[in-house]
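These notes are about the structure you will find just below.
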There are 2 protein chains.
Amino acid sequence: MTLAEENYLKAIYHLENQSSNEVSTNALAEEMQTKASSVTDMIKKLAEKNMVSYIPYQGVTLSKKGHAHAVKVVRKHRLWEVFLLEKLNFSWDEVHDVAEQLEHIKSEKLTDKLDEFLDFPKVDPHGDPIPDKYGNFETIDKTSLTDAQEGLVYVCVGVHDSSSDFLKYLDANHIGLGTTMKIIHKEPFDNSVKIKFDDVELVVSENVAKNLFLKTV
Amino acid sequence: MTLAEENYLKAIYHLENQSSNEVSTNALAEEMQTKASSVTDMIKKLAEKNMVSYIPYQGVTLSKKGHAHAVKVVRKHRLWEVFLLEKLNFSWDEVHDVAEQLEHIKSEKLTDKLDEFLDFPKVDPHGDPIPDKYGNFETIDKTSLTDAQEGLVYVCVGVHDSSSDFLKYLDANHIGLGTTMKIIHKEPFDNSVKIKFDDVELVVSENVAKNLFLKTV
DNA sequence: TTAAATATTTAGACAAAACTAAATAATCTT
DNA sequence: AAGATTATTTAGTTTTGTCTAAATATTTAA
């Protein structure tokens with residue numbers, strides 16, 4: 001698997017997790033920041049290699065083989081994120097980009113030794129589960145802040161968007177994994193949400209709310 | 001700089017260090033395991049980018065810019081080797097191949113944080129010096145075992161060939177960095193050398209002797 | 001249910017990095 | 001110094017992954 005092929009597999013994997021039906025060429029082009037025609041080309045190649053199953057005009061799905069490979073890349077990505085944060089003192093908004101490179105290093109031994117060195121972490125710095133060497137991981141049950149109920153108390157267990165900008169926003173507002181918050185008010189007009197934590201009230205936009213994952217406490 | 005370009009720079013760097021005069025197209029082709037015509041193509045490209053200076057039929061030399069870049073790649077390679085050996089418990093014959101991949105990760109912050117995490121090591125597991133973040137490193141004065149003098153005592157400070165096969169040979173014969181040995185006899189017929197260490201005598205071939213670096217003790 | 005809009009695929013090109021085969025330059029022999 | 005050998009470069013292809021533009025299929029809307 002080349003770097004480009006792995007990135008496509010990963011993108012298909014993420015899109016499958018978001019909406020559970022077939023992945024369209026256009027969605028994939030959007031995700032990969034490329035053109036639909038390029039996507040068609042690559043999908044054909046991946047289909048040749050039995051990594052995806054593809055019916056023209058109907059989108060792609062990962063094959064068993066492709067799924068397994070995507071999970072391996074995701075495992076590496078998340079392990080490196082933990083390494084960068086815990087061992088090299090990167091901040092959580094810095095880990096993603098470097099992990100995008102490190103996830104393509106090919107050495108099963110490296111991956112497994114790294115896993116051991118980090119003491120077999122279960123989640124990465126954004127709250128996403130880390131597959132073990134067999135590809136198994138615990139699914140974390142989480143609710144988006146947009147779906148949280150007024151009056152209840154939640155703890156933050158993850159983020160959807162792991163872009164540097166979003167994570168810096170959270171840092172600036174002292175929100176992180178483990179932050180416990182109460183839903184004060186959900187504003188129907190613009191879907192913003194007023195939350196309270198550490199004795200401070202904060203109104204966050206719908207965009208922020210959509211990207212924050214919570215668990216009831 | 002692409003991966004291929006970086007590998008060429010590194011190869012030119014190594015060849016310059018070995019013989020101090022211009023690097024020939026053929027030597028580079030041999031080092032890169034490729035064809036002379038491919039080398040000419042790439043050299044032209046690197047000359048365009050001012051990474052090397054190139055006169056047709058006369059070989060290449062690294063420019064200041066190319067040299068600095070090569071040193072950065074070497075720095076990353078050697079730091080990762082230390083990481084793999086010391087933190088992930090790889091053996092010294094396993095570190096090279098994985099480091100060949102890791103050396104291309106682009107993040108100055110990663111490199112410098114890794115350096116710090118490893119406590120600023122001065123040499124890698126094969127005895128080669130590690131450049132600091134400014135590209136400076138201590139040159140280690142060393143003699144090849146072929147040039148060592150009968151009767152004198154030396155300590156092993158490095159290896160020339162860092163191939164897995166050679167390092168495994170050394171492991172099997174209990175030779176490593178720091179091994180102190182006495183030169184018992186140099187056989188003129190085949191340039192083999194009889195050495196003694198840990199109260200055992202061992203005859204090594206010219207090929208082995210050439211690749212072992214020693215320092216007088 | 002046909003026209004318009006949108007999504008997808010095909011065809012043809014391009015850049016990077018390699019290759020083979022042929023041409024040319026440099027060096028070595030005698 | 002001419003011919004032979006060796007080293008190097010040039011010319012023309014190939015593969016990978018991308019692109020644009022054109023063609024085709026699908027969906028939406030009147």
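FYI, side chains are in, hydrogens and waters are out, and symmetry mates aren't considered; it's all heavy atoms of this structure.
Look at NZ on B/K49: it is 8 Å from P on C/dA16, rounded to the nearest Å. Rounded to an integer number of Å, the gap from CD1 of B/I43 to P of D/dA7 is 15 Å. Atom-to-atom, CE of B/M42 to P of D/dT8 comes out at 18 Å; the value is rounded to the nearest Å. Note: CD1 (A/I55) to P (C/dT9) measures 11 Å, nearest angstrom. As a whole-Å value, the separation of A/L3 CG from D/dT16 C1' is 12 Å. C/dA11 atom P lies 11 Å from atom CG of A/D41, rounded to whole Å. For the pair A/Q58 CD and C/dA7 P, the interatomic distance rounds to 16 Å; values are reported in whole Å. C/dT9 atom P lies 11 Å from atom CG of A/L28, rounded to whole Å.
Nucleic acid contact for B/T40: base, since at least one base atom lies under 4.0 Å from a heavy atom of the residue. The residue A/N26 sits close only to the backbone: its heavy atoms come under 4.0 Å of sugar-phosphate atoms, none of a base.
Scored by the ring-ring contact (aromatic ring centres under 6.0 Å, His included) test, B/Y154 finds no partners at all (sequence neighbours excluded). Contacts of B/H185 classified as ring-ring contact (aromatic ring centres under 6.0 Å, His included), with partners at least two apart in sequence or in another chain: none. The side chain to side chain donor-acceptor pair (under 3.5 Å) check on A/E94 picks up A/S91, B/K109, with sequence neighbours excluded.
Under a 3.5 Å cut-off, the side chain of A/K65 and the backbone N or O of A/K49 do form a donor-acceptor pair. No side-chain donor-acceptor contact under 3.5 Å links B/E81 to the backbone of B/A99.
Closest to the side chain of A/A36, out of D/dC19, C/dT9, D/dT9, is C/dT9. Nearest to the side chain of B/S24, among D/dT9, D/dT8, D/dT18, sits D/dT8.
Applying the salt bridge (charged side-chain N to carboxylate O under 4.0 Å, His left out) test to every pair with at least one member in residues 133-150 of chain B, sequence neighbours left out, gives these pairs: B/D112-B/K133. Counting only residues at least two apart or in different chains, ring pair (Phe, Tyr, Trp, His ring centres under 6.0 Å) contacts with residues 38-79 of chain B comprise B/Y13-B/H67, B/H77-B/H96.
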- Query: Where along nucleotides 20-25 of chain C does protein come under 4.0 Å, by heavy atom, of base (B) or sugar-phosphate alone (S), with - for untouched nucleotides?
  - Reply: BB--BS
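Between C/dA16 and B/Y8, no contact under 4.0 Å exists linking OP1 or OP2 to a side-chain N or O. Residue A/T2 places none of its side-chain N or O atoms closer than 4.0 Å to OP1 or OP2 of D/dT16.
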